[in-house]
Structure formats: C-alpha cells, structure tokens
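Structure first, then comments.
Below, each value reflects all heavy atoms present in this structure, side chains not excepted, and no hydrogens, waters or symmetry copies. Chain letters run A, B, ... following the sequence lines, proteins first and then strands; every chain starts at 1.
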Protein chains: 2
Amino acid sequence: MALLSKSCVYGIRAVILMAIKGNAEFMSIKDIAEDLNLSAHFLTKILQQLTQEGLLYSHRGPKGGVKFSRPAKEIKLIEIVAAIDGLELFEECALGLHGCGTATPCPLHEKWAEHKVVLRTLFETEDLEKLAANVQDAGLRLRTLSQLDIIEFNKNKKK
Amino acid sequence: MALLSKSCVYGIRAVILMAIKGNAEFMSIKDIAEDLNLSAHFLTKILQQLTQEGLLYSHRGPKGGVKFSRPAKEIKLIEIVAAIDGLELFEECALGLHGCGTATPCPLHEKWAEHKVVLRTLFETEDLEKLAANVQDAGLRLRTLSQLDIIEFNKNKKK
DNA sequence: AGTATTGAGGACTCTTTTATCCTAAATTAA
DNA sequence: TTAATTTAGGATAAAAGAGTCCTCAATACT
C-alpha cells in the first residue's frame, strides 16, 4: 500500500510543476502531461477535480489551460490531497473500525490518533511555493520515469 | 485512501482476537471469521499469508486451525503489515518517485523521510499482546459491523 | 464564418483488490 | 475404514482504481 493514490501523486506533481513555472497565464494540461510523462487525458480528469474544488481556474480554447485560483504560497498540500483522495487518511481509524473514537477506541486508537495529527500537520504546513522551491534547489525531477528511463537510472546506479 | 488495505486490517483484527483468546491450541479460522463477522474463505486466504511468512502455524482436520508460532508478546504489528501489505508504506517515497533518496530527494523527501521513521517505529513498537490488552481494557469491539449494526450504532449515537 | 485548440465529460478497457465458491488434501475420531 | 472437519489453493465474480479514446463545448485567431 502506498500512502497516496496514483491519481493524487500525479495531481501533486502537476501542481508543483505549475508552481515552478510560476505562470500567470493559463498553462495547457497537455504540456504539463508531457513534462511529467503522463497521459494528458488522464491528467485532465485529475486536474478537473482540482478545478471543481475551486483550487484551479480552467479555460478552454487556444491559450487555454489551467492556473491557480490563489497564489501558490497560499495553497497547502493537504488541499490537493483532500480534493483527490479525500481526508480519510487523516481522519479515520487505522483499523477501519466504524465508530472508533475517544469513547470506544480501537486497539491502535490512541497511538494512531496522536500520529494522525503529526501527519496532518505535515500536509497542512507544506505549500506549493515551498515545494516548488525545494524541487528547484535540489535540481530534481518530477517526471514519471518510463521503462527506458528506469533502465538508464539503474545503469548509472551501478557505476 | 486508507493507510492499510482491507486484507491487512482483517489480518490484524484476526491476530488481535487470537491474542485475546490466548489459546495454546489451534483456533479454527471459521470461528475467528464468525467472531469478526467476516467471510471465512476470505480470512483463510489472508491468514495463509501469515502462515507462509512463518508467523502462524496451521493444522488441518478436526481440532485444526491456526496458532502463533511465537508468543504474541514477541510478534510486532509491523510483521503482520509486512506479510500482507509489504513495507512500501515505510520505505517508499510519498510521491512515488522512482529513485527518490538522499542524493536526489523529491520535494517532500526530507519531511516524509523523518515522518516515515516515526510511523515505522509506531508499528514496530506495538506487539499483539499489548494490543489485545488494550482491546480488553477498553471493552472494545473488533467485529466488522453489518449494515444492521451500523443502523443500531447510529441510533445510539443520536441519543 | 471557419478552423484549430483546449478543457469537459462520457464510454469503455485493463488491472488490482476484494470476495465467493468449489474441490483437494490432511487429519481426527468413531 | 469411514465420516466429519479443517486448511490449501484454484477458478471465478464483483468492485474499485487506473488508463485510453472519442465527442462535445468553449474560445481565439484568421
């Protein structure tokens, strides 16, 4: 199990890329998808969820695309996760027990409840501008690796 | 997204129940499944993974079933998770980036790396005996709720 | 007006997860 | 030996997640 769904990860990578480009204009989803090495159709669906939540503005036609509805600095990572995966991860019982709470805690309840707060805070603290800066400082790739890239990567690792 | 898969949650509930019963004898999977309100066939498959990992001994025929291969106190929660969901959650990059690491960290890398250790420690610290004791102290239910149970539960909540 | 571009959204496919069902093999007890 | 019980494991089905493809609607530019 991963922490986040693939859709959510793709969405996060897309908004970080958008924050890096820091464009006041609309940016085409096709371009973003190419940069990230993702299917443009699939990414369109994912970004639609962010548009519907009001995190992005979208615009059709030539010069159309998507852009942030607020400054990247003000958009927190948790908002992206909430729009795509929902807040279950930060709110539900780790053992998935219906009605687990302070009154009737599950065996893991206390420890996990403490932990959830820390996890949530992590996602509430990181904003898109900060994440974008990290990527640039580290000269890092957001791009999804193709099979060829992975072979290349493993070659370099062996050296 | 949940933290753990359903199979993993069911597996955890089953071993906690076993630890509560604290039986030196083999315990039938059918009985465990009935107590937890789960499909016996499905639970059999899940517990088979624990048997294959050497966490449980299994025995066929009348008086057969499963039992712990080591004292419940010595079995850590992370071993159950590792056998069913694997360790991806505790080892992989939150953004699922191939090759994310200290040398080429992803934007979330540092924060998540710190956090993973805490999360892993939580699962490494909890043992089945302790979790079983928690359940008993709190008089808690491990049982999966049926639709009828949920209606009943919500009724009581309103009062 | 016409054409190219781009997001919206529906239909569909593929894969993985979740779940059910059936048969086989091992074991116990009469 | 026979019958009943119980896990092992394969076949299959249902549901959710991931991904593709096609058409429509909005828009910009000529």
Quickly work out the A:L38 CG to D:dG17 P distance and round it to whole Å.
19 Å
Within less than 4.0 Å of OP1 or OP2 of C:dA29, is there a side-chain N or O belonging to B:K63?
yes
Below 4.0 angstrom from OP1 or OP2 of C:dT20, is there any side-chain N or O of B:S39?
yes
Just call it for A:Q49: base, sugar-phosphate, or nothing, with non-hydrogen atoms closer than 4.0 Å on any strand.
nothing
Considering every strand and a 4.0 Å limit on heavy-atom distances, what is the contact class for B:Y10: base, sugar-phosphate, or nothing?
sugar-phosphate
DNA chain D: 5'-proximal contact among B:L47 and A:A40 (nearest heavy atom):
B:L47
Taking the six-membered ring of B:Y57, is the NZ or CZ of B:K67 close enough (under 6.0 Å from the centre) and on axis enough (within 45°)?
no
Report which part of the nucleic acid B:I29 touches: base, sugar-phosphate, or nothing (heavy-atom distance under 4.0 Å, all strands).
sugar-phosphate
Identify, between A:G64 and B:F42, the residue whose nearest nucleotide on DNA chain C lies closer to the 5' end.
A:G64
Nearest whole angstrom, please: distance from the P of D:dT7 to the CG of B:L43.
10 Å
Report yes if at least one side-chain N or O of B:S58 is closer than 4.0 Å to OP1 or OP2 of D:dA8; otherwise report no.
yes
With a 4.0 Å cut-off, would you call B:E126 and A:K111 a salt bridge?
yes
Ignoring backbone atoms, test whether B:H41 places a side-chain nitrogen or oxygen under 4.0 Å from the OP1 or OP2 oxygen of D:dG9.
no
Classify the side chain of A:K45 versus the base of C:dG7 as yes if they form a donor-acceptor pair under 3.5 Å and no if they do not.
no
State whether B:S7 places a side-chain N or O below 4.0 Å from either non-bridging phosphate oxygen (OP1 or OP2) of C:dT18.
yes
Within the 4.5 Å heavy-atom criterion, are A:M18 and A:M27 side-chain neighbours or not?
yes
Is A:K30 near enough to C:dT5 that one of its side-chain N or O atoms lies under 4.0 angstrom from OP1 or OP2?
no
Is the B:F26 ring parallel, tilted or perpendicular to the B:H59 ring (thresholds 30°, 60°)?
parallel
